[in-house]
Amino acid sequence: MTTDSLPQGEVTFLGRGLAVMNGRRLSLKVCPHCSQRNEQRTVDKGYCNWCAYVPTLSDARPVSAE
């Protein structure tokens, strides 16, 4: 998957969780698997600090402004 095909800015993973994509860098705020919120100091690790889930980038969808 190329960087051009990844959504940028705030994303969810098939409607769950919350992250920010910047290029291929993922900052995971809310885990799509366990719904826990990462602490600010662990957000940039790109995985859940609680359950160690690593989101699949192909599941990333832009947050819609509905």
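This chain uses plain numbering: 1 for the first residue, then up along the sequence. As the structure is a prediction and not an experimental result, all values here were calculated from the model.
Partner Arg37 forms a side-chain contact (heavy atoms from CB on, under 4.5 Å) with one of Asn49, Val43, Val30 and no other, that one being Val30.
Arg41 places no side-chain N or O within 3.5 Å of a backbone atom of Asn38 that could act as its donor or acceptor partner. In terms of modelled atom types and a separation under 3.5 Å, the side chain of Gln8 and the main chain of Gly23 share a donor-acceptor contact.
If you chain together hydrophobic residues whose side chains sit under 4.5 Å apart, Leu18 and Tyr53 never meet in one group. Hydrophobic clustering (ILVMFWY, side-chain heavy atoms < 4.5 Å, transitive): Met21 and Leu28 are in one cluster.
Between the CD atom of Gln36 and the SG atom of Cys48 there is a distance of 7.0 Å, given to the nearest 0.5 Å. Put simply, CG on Leu6 and CZ on Arg61 are 10.5 Å apart, with the number rounded to the nearest 0.5 Å.
Remark: Asp44 CG is packed, more than 12 non-hydrogen atoms of other residues, nucleotides or ligands lying under 6.0 Å away.
In terms of heavy atoms, Leu26 sits closest to Pro55 at CD2-CG, 4.0 Å. Closest of all the heavy-atom pairs between Tyr47 and Ala52 is CD1-CA, 4.2 Å. Closest non-hydrogen pair, Arg16 versus Ser35, comes out as NH2-OG, 3.2 Å.
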